[in-house]
Number of protein chains: 2
Amino acid sequence: MKPSMVTIEPNRHFCSDCAVRGSAVCSSLDAAELREFEHLGRRVHFDGSETVFSEEDITASFYNLLEGVMRLYKLLPDGRRQIVGFALPGDFLGMNISGRHNFSADAIGGVTVCQFAKAPFGRFIEDRPHLLRRINELAVRELSQARNHMVLLGRRSADEKVAAFLLGWRERLVSLKERSDTVPLPMSRQDIADYLGLTIETVSRTFTKLERHGVIEIIHGGVSLLDPAKVEALAAA
Amino acid sequence: MKPSMVTIEPNRHFCSDCAVRGSAVCSSLDAAELREFEHLGRRVHFDGSETVFSEEDITASFYNLLEGVMRLYKLLPDGRRQIVGFALPGDFLGMNISGRHNFSADAIGGVTVCQFAKAPFGRFIEDRPHLLRRINELAVRELSQARNHMVLLGRRSADEKVAAFLLGWRERLVSLKERSDTVPLPMSRQDIADYLGLTIETVSRTFTKLERHGVIEIIHGGVSLLDPAKVEALAAA
DNA sequence: AGAGCCGATTGACCCAGATCAATTTTGGCG
DNA sequence: CGCCAAAATTGATCTGGGTCAATCGGCTCT
């Protein structure tokens with residue numbers, strides 16, 4: 001964790017009016033439990049491109065992402081990087097069995113997390129099977145996403161990868177704000193490339209190609225889907 | 001499920017002397033629970049290349065693999081296939097949140113599973129958080145494997161993929177039998193290709209190349225690692 | 001406004017792995 | 001055993017996406 005990590009007024013926040021109250025792990029808790037839960041978490045802010053935790057670090061905390069976007073990735077010894085996912089508000093990070101994180105997590109832009117020390121959080125779960133069930137639900141959902149991503153990485157062309165990425169990302173943003181054909185892309189081209197198993201040049205060329213064909217428009221900080229049906233056709237192929 | 005699916009003497013088997021007693025979901029149950037659990041599962045056999053369940057099927061059962069190997073895969077509309085994993089004895093299949101399976105599962109060679117109807121199994125879990133915790137543990141482990149596989153699919157060369165596959169497969173077999181430099185490969189070359197995001201020709205050529213270099217020997221039904229250190233070097237790269 | 005920087009784009013060329021096309025090997029089975 | 005079908009191997013060729021190398025464009029700092 002970098003020096004600029006800052007704990008923000010740890011005692012002035014309440015779970016009951018948390019932005020992710022409805023979607024995160026805590027959605028499984030009732031009002032009484034929530035009041036107790038409140039004391040376990042500590043709101044922490046990270047600036048853009050700061051590392052929240054690294055692969056192989058001993059897991060000291062779990063994290064509930066409240067605000068911002070994170071890139072989750074693994075590195076090969078020679079520096080090749082595979083982004084295994086992007087985290088959005090409501091995502092729960094840190095579950096593992098080895099006692100060590102199995103990927104690294106960076107903030108993309110500023111990020112606010114709710115951080116739980118491992119031991120007290122574990123104790124809190126102990127006699128609350130509904131919370132455990134919720135965590136399991138999230139794990140199973142992620143597993144399903146992971147398998148879909150394997151298909152993309154192993155069997156899809158560059159065009160299909162990019163199209164599927166745009167649709168998938170838009171879909172994930174739906175639950176956070178209203179659906180829109182304007183898709184913000186806070187991550188860099190390099191991030192997208194490392195997520196899709198491509199190079200930055202191929203991602204860039206594919207974007208340009210889609211734009212030339214009138215399928216998307218590249219705008220500042222994202223893209224606009226001019227012809228969403230066409231994008232879907234490309235992704236399905 | 002195919003016609004030749006056969007339930008084998010459902011009442012003549014006991015969990016207590018089950019082959020996967022120690023490693024499967026049921027490892028979290030005590031003797032008393034096990035006796036009750038026994039009535040929920042039904043031993044079923046599938047012949048080689050039979051489909052146990054298909055993607056998008058409504059999940060009616062969970063499965064505990066007792067014997068044999070299964071291929072777990074997803075298909076694209078045009079027939080491209082990505083194998084998302086191979087299941088071995090002790091693996092638990094069927095968890096999902098959508099109520100539908102999110103991949104298909106075929107037997108590779110004969111397979112015996114312990115099949116649980118969804119509803120009674122769900123009820124059994126209800127008031128047994130330790131079983132739920134065990135299931136969560138398995139899900140989290142699979143998630144970790146899935147992420148490792150994403151790195152392989154997105155960022156590794158054909159040589160690295162094949163080497164990593166041989167080592168990973170050998171490693172998984174360790175817990176079942178004694179470690180050995182002889183690695184049985186019950187799946188076809190096409191299966192390996194679809195697992196690694198390659199074509200069958202590339203897999204075949206890579207095997208041949210490794211053999212020419214004296215790193216492995218291709219034997220009937222598998223390979224022998226003549227120079228395990230070299231294989232590890234290739235996989236790590 | 002200009003300089004410098006960093007991310008993104010574009011172009012030229014290359015190569016790992018795909019594709020296409022024969023064999024060869026293996027495994028039943030009468 | 002000899003015959004057939006399916007799996008695996010091998011060879012020849014092609015190409016999607018990688019690599020290498022310039023720009024280009026926006027932003028920040030002065």
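All values derive from a computational prediction rather than experimental measurement. Order of the sequence lines sets the chain letters (A, B, ...), proteins ahead of strands, with each chain counted from 1.
Regarding contacts with the backbone of C:dG27, a side-chain N or O of B:His220 is found under 4.0 angstrom from either OP1 or OP2.
Residues B:Lys74 and A:Asn148 bring a donor and an acceptor atom of their side chains to less than 3.5 Å of each other. Side-chain atoms of A:Tyr73 and A:Asp106 include a donor-acceptor pair closer than 3.5 Å.
In this structure, A:Arg189 places its CZ atom 13 Å from P of D:dG26, rounding to the nearest Å. Protein atom CG of A:Leu234 is 15 Å distant from nucleotide atom P of D:dG16, rounded to whole Å. Separating the CG atom of B:Asp191 from the P atom of D:dA6 is a distance of 16 Å, rounded to the nearest angstrom. Put simply, CD1 on B:Ile108 is 19 Å from P on D:dA6, counting in whole angstrom units. In this entry the distance linking CD1 of A:Ile219 with C1' of C:dT9 reads 18 Å, nearest Å. At whole-Å resolution of the value, CG in A:Leu210 and P in C:dT10 are 13 Å apart. In this structure, B:Glu211 places its CD atom 15 Å from P of D:dA8, rounding to the nearest Å. Residue A:Arg155 contributes atom CZ, which lies 15 Å from atom C1' of D:dG16 at whole-angstrom precision.
Between A:Lys209 and A:Asp159, at least one side-chain nitrogen of the basic residue sits less than 4.0 Å from a carboxylate oxygen of the acidic one, meeting the salt-bridge criterion. Salt bridge annotation for B:Arg43-B:Glu67: absent, with no cationic side-chain nitrogen under 4.0 angstrom from a carboxylate oxygen. A salt bridge is defined here as a Lys NZ or Arg NE, NH1 or NH2 lying under 4.0 Å from an Asp or Glu carboxylate O, and A:Asp91 with A:Arg141 fails to meet this definition.
Contacts between residues 192-208 of chain B and DNA chain D, counted as heavy-atom distances below 4.0 Å, involve B:Glu201, B:Ser204, B:Arg205, B:Thr208.
Along DNA chain D, the nucleotide nearest to A:Ala158 and the one nearest to B:Gln190 differ in position, and the one closer to the 5' end is contacted by B:Gln190.
A:His149 and A:Tyr195 have parallel rings, their planes meeting at less than 30° on a 0 to 90° scale where 60° marks the start of perpendicular.
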